[in-house]
2 protein chains.
Amino acid sequence: MSNKPTTIKEIAAILNVSVSTVSRALHNHPSIGITTQQKVQKLAKELNYEPNQSAIFFQKGKTSTIGLILPELSEAFFSSAVSAIEDLAYQKNYTVLIAQSHDDEQREKQLIEMMKNHRVDGLIVSVAKTTSNFDHFEVLERYGIPIVFFDRIPPIKNIHSVACNMETGTIAAVTYLLQIGHRCIGMINGPATLAASEERKKGYFEAITKNRLKFDGSLVVSCDLTEKGTQEALDKLLSNKRRPTAIVTFNDYNALYAIKHARKLNINLDKDLKFVSYANLPLINYMDYVPIASVEQFPALQGQKAAEILFELLKNKTTSSDIFYHKVTIESELIVNQLNRQE
Amino acid sequence: MSNKPTTIKEIAAILNVSVSTVSRALHNHPSIGITTQQKVQKLAKELNYEPNQSAIFFQKGKTSTIGLILPELSEAFFSSAVSAIEDLAYQKNYTVLIAQSHDDEQREKQLIEMMKNHRVDGLIVSVAKTTSNFDHFEVLERYGIPIVFFDRIPPIKNIHSVACNMETGTIAAVTYLLQIGHRCIGMINGPATLAASEERKKGYFEAITKNRLKFDGSLVVSCDLTEKGTQEALDKLLSNKRRPTAIVTFNDYNALYAIKHARKLNINLDKDLKFVSYANLPLINYMDYVPIASVEQFPALQGQKAAEILFELLKNKTTSSDIFYHKVTIESELIVNQLNRQE
DNA sequence: TTTCTCTGCACAAACGTTTGCGCTATCTTT
DNA sequence: AAAGATAGCGCAAACGTTTGTGCAGAGAAA
């Protein structure tokens with residue numbers, strides 16, 4: 001068994017032509033006669049010829065491979081992005097080398113090293129939560145390997161990035177709650193260190209003031225996004241002078257923790273307290289009590305945009321790409337949950 | 001910018017030695033003098049030399065890459081498996097080319113083709129639900145590319161596989177329910193076409209008869225695993241002459257559909273009806289009412305075993321590996337849910 | 001006929017690395 | 001001193017493909 005794959009050489013030998021002729025014939029090069037071209041292609045098909053990608057990669061000095069580093073594949077947000085990136089890469093005859101950092105900075109560094117050795121043509125990255133030093137990314141740029149960041153963008157200059165505008169999404173969320181009658185709206189926000197937290201808060205403020213209500217700082221509480229932190233944040237909000245009738249949470253997990261805790265406190269989630277969240281996880285479909293709306297961040301679209309930018313960069317590699325840095329912002333969108341219980 | 005990476009040639013030129021000497025020195029080959037070796041390694045570090053993997057792959061005729069084809073990355077089961085496989089591959093200096101079939105047979109075929117062109121050294125596959133023709137896999141074997149299947153195993157001869165024993169897990173599940181006092185236990189099983197359904201049914205039968213109870217066929221109903229099908233199956237069980245006090249479902253999603261439906265029917269899930277499920281999804285942690293126990297199928301372990309087998313096959317590639325086919329069965333295990341509400 | 005222009009192909013280098021083989025000193029043995 | 005062994009390194013081929021250049025023959029223009 002184990003038939004060695006057919007090579008261009010063998011085809012050339014059989015047809016008594018040179019390897020270059022075969023190569024060009026297979027690529028429909030104009031300088032090859034039509035009859036020769038057909039002869040070659042016919043035999044190639046018969047012998048089941050498949051070009052040896054390894055040889056091509058080596059020869060061309062590029063791998064037609066893009067690297068993709070993200071925190072966790074099991075998070076629905078990222079796996080959606082992966083699918084989108086994969087699809088686009090597939091169309092362009094690229095392959096995707098996927099790796100998970102597990103939100104570990106060291107691992108991320110090693111993966112970058114690995115990607116470099118593998119001579120990936122470019123990289124799409126969503127950085128680990130814990131990453132504080134970003135030198136390893138800059139090294140890659142010096143090697144001429146372009147990087148596009150998405151969703152989690154490092155705070156450094158001169159990078160290509162794709163991210164979601166959290167502010168407008170938050171405005172939509174709060175406005176929606178105001179429209180359906182809520183007047184006292186709480187927010188369980190993320191830690192202040194995250195840029196995304198700041199955007200959410202800004203959006204909250206905007207929506208409140210634009211509707212001629214006055215902003216109450218005690219209704220926005222930070223939390224570390226753990227289950228315990230969320231419980232404490234909820235407790236704080238519930239014991240506030242003005243008790244909120246609706247709460248905007250930082251993300252879906254966050255919302256679920258809060259909902260769980262609220263139910264334990266015997267709060268009627270159909271009447272007394274509503275939640276709005278971010279991300280729109282599929283697991284929402286399996287829950288009994290779910291947020292009444294979610295701010296969708298379009299992970300697939302983010303991934304697609306990131307990939308488009310990367311391919312653009314790869315195409316124009318000759319020109320000094322240092323001149324222009326892409327920075328795409330995607331508008332988030334409020335999705336009102338259809339499964340919303342109307343009892 | 002865009003410094004071209006250092007090559008072995010340049011190092012050789014600078015030190016006035018041959019490329020072969022540099023190559024061997026970098027690999028600590030015994031036939032190279034200690035001083036030369038150190039000189040080379042020192043300079044290599046200074047020049048930031050990194051071996052060109054493309055060239056090595058090409059030269060060695062192997063890519064040190066394994067392909068991984070699975071239905072859906074977003075399913076927690078598979079993403080766990082991916083992580084385990086990645087880790088092992090990383091240790092062995094292999095990289096993993098991941099691709100999703102999205103449970104589509106055509107896509108799966110294309111991916112196989114792509115993997116072949118990329119000259120992956122081996123493949124780990126969990127086949128798409130819809131795949132009915134398995135020729136594309138057999139082609140690979142003829143190319144000398146070994147395949148290891150896991151979890152979803154195609155019904156063909158002479159393959160390497162890793163899978164979970166559903167029968168013992170089911171026995172454990174039913175036995176547990178018997179132990180905590182249930183006497184009438186229902187089962188929402190999968191379609192009869194799936195081997196896994198058969199195993200579950202067998203396990204159910206075993207557990208019942210071993211405990212000197214008589215098997216009641218009306219307590220085991222098939223379902224197509226959709227939400228609607230699950231609802232119908234539950235309805236059927238609830239209107240059975242002997243109404244079950246506990247139900248074993250085919251998988252977690254299945255269980256969630258059933259739980260949702262049961263709650264809509266105002267059934268007291270703390271008292272009147274208990275569920276046991278399979279898979280132990282992490283989303284369980286976010287649910288209000290969850291199965292009281294789950295049969296764990298150890299996706300990470302399955303992935304790891306599959307990878308181990310593959311690396312074993314790759315190591316012994318010279319010997320005609322046709323002789324022996326690996327078939328690993330992993331025992332599933334009943335996990336009693338700690339979050340189980342004890343009210 | 002001569003010169004010029006294509007057309008259609010062959011030649012060979014190049015990409016970076018590994019590895020079998022051969023060669024030359026030096027050292028050991030007799 | 002002659003012969004053999006060994007250590008340390010260089011030479012060159014090989015992996016499969018692409019691509020710049022060269023070159024022959026055919027046809028067209030003079």
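Chain naming here is simple, since letters A, B, ... match the order of the sequence lines and numbering starts at 1 in each.
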| said: Using a heavy-atom cut-off of 4.0 Å across all strands, would you classify B:Gly61 as base, sugar-phosphate, or nothing? | reply: nothing
| said: On the nucleotide C:dA14, are OP1 or OP2 found under 4.0 Å from the side-chain N or O atoms that A:Lys60 carries? | reply: no
| Would you say the side chains of B:Gln106 and B:Gln110 form a donor-acceptor pair under 3.5 Å? | no
| request: Report yes if a donor N or O on one partner sits less than 3.5 Å from an acceptor N or O on the other, where the partners are the side chain of B:Ser18 and the base of D:dC9; otherwise report no. | output: no
| Would you call B:Asp103 and B:Arg152 a salt bridge, using N to O less than 4.0 angstrom? | yes
| Cation-pi geometry met for A:Arg119 and A:Phe58 (6.0 Å, 45°) | no
| field | N/O donor-acceptor pair, side chain B:Ser20 with base D:dC11, under 3.5 angstrom | value | yes
| To the nearest Å, how far apart are A:Ile56 CD1 and D:dG16 P? | 12 Å
| request: Establish, with yes or no, whether the OP1 or OP2 oxygen of C:dT18 is under 4.0 angstrom from a side-chain nitrogen or oxygen of B:Ser23. | output: yes
| query | Rounded to the Å, how far apart are A:Lys62 NZ and D:dT18 C1'? | reply | 14 Å
| field | Closest to side chain of B:Ala55, choosing from C:dC9, D:dT19, C:dG16 | value | C:dG16
| request: Take the protein atom CZ of B:Phe57 and the nucleotide atom P of C:dT17, then report the distance between them rounded to whole Å. | output: 13 Å
| Distance below 4.0 Å between A:Lys9 side-chain N/O and D:dC15 OP1 or OP2 | yes
| query | Whole-Å distance between D:dT17 C1' and A:His27 NE2? | reply | 9 Å
| request: Whole angstrom is fine here: how far is it from CZ in B:Arg24 over to P in C:dG22? | output: 13 Å
| request: Classify the angle between the aromatic ring planes of A:Phe78 and A:Phe150 as parallel (below 30°), tilted (30 to 60°) or perpendicular (above 60°). | output: perpendicular
| message | Measure CD1/A:Ile11 against P/D:dT18 and give the value in whole Å, please. | response | 11 Å
| said: Can you measure A:Asn52 atom CG to D:dC15 atom P for me and round it to whole angstrom units? | reply: 12 Å
| What nucleotide, of D:dT17, D:dC9, C:dG20, holds the atom closest to the side chain of A:Tyr49? | D:dT17
| request: Under 4.0 Å between any heavy atoms, over every strand shown, what does A:Ser31 touch: base, sugar-phosphate, or nothing? Just pick one. | output: base
| task | Could you check which of D:dG8, D:dT17, C:dT17 has an atom nearest any side-chain atom of A:Gln59? | result | D:dT17
| task | Verify whether one side chain among B:Gln100 and A:Ser83 offers a donor that lies under 3.5 Å from an acceptor in the other. | result | yes
| Just checking B:Thr36: base, sugar-phosphate only, or nothing, at a heavy-atom cut-off of under 4.0 Å? | sugar-phosphate
| said: Using only atom types and a distance under 3.5 Å, with no angle test, would you say the side chain of A:Asp121 pairs donor to acceptor with the backbone of A:Thr63? | reply: yes
| request: Would you tell me if any nitrogen or oxygen in the side chain of A:Thr21 comes within less than 4.0 Å of OP1 or OP2 on C:dA10? | output: yes
| query | Just how far, in rounded Å, is C1' of C:dG16 from CZ of A:Phe58? | reply | 4 Å
| Ignoring hydrogens and angles, are the base of D:dG16 and the side chain of B:Arg119 linked by a donor-acceptor pair under 3.5 Å? | no
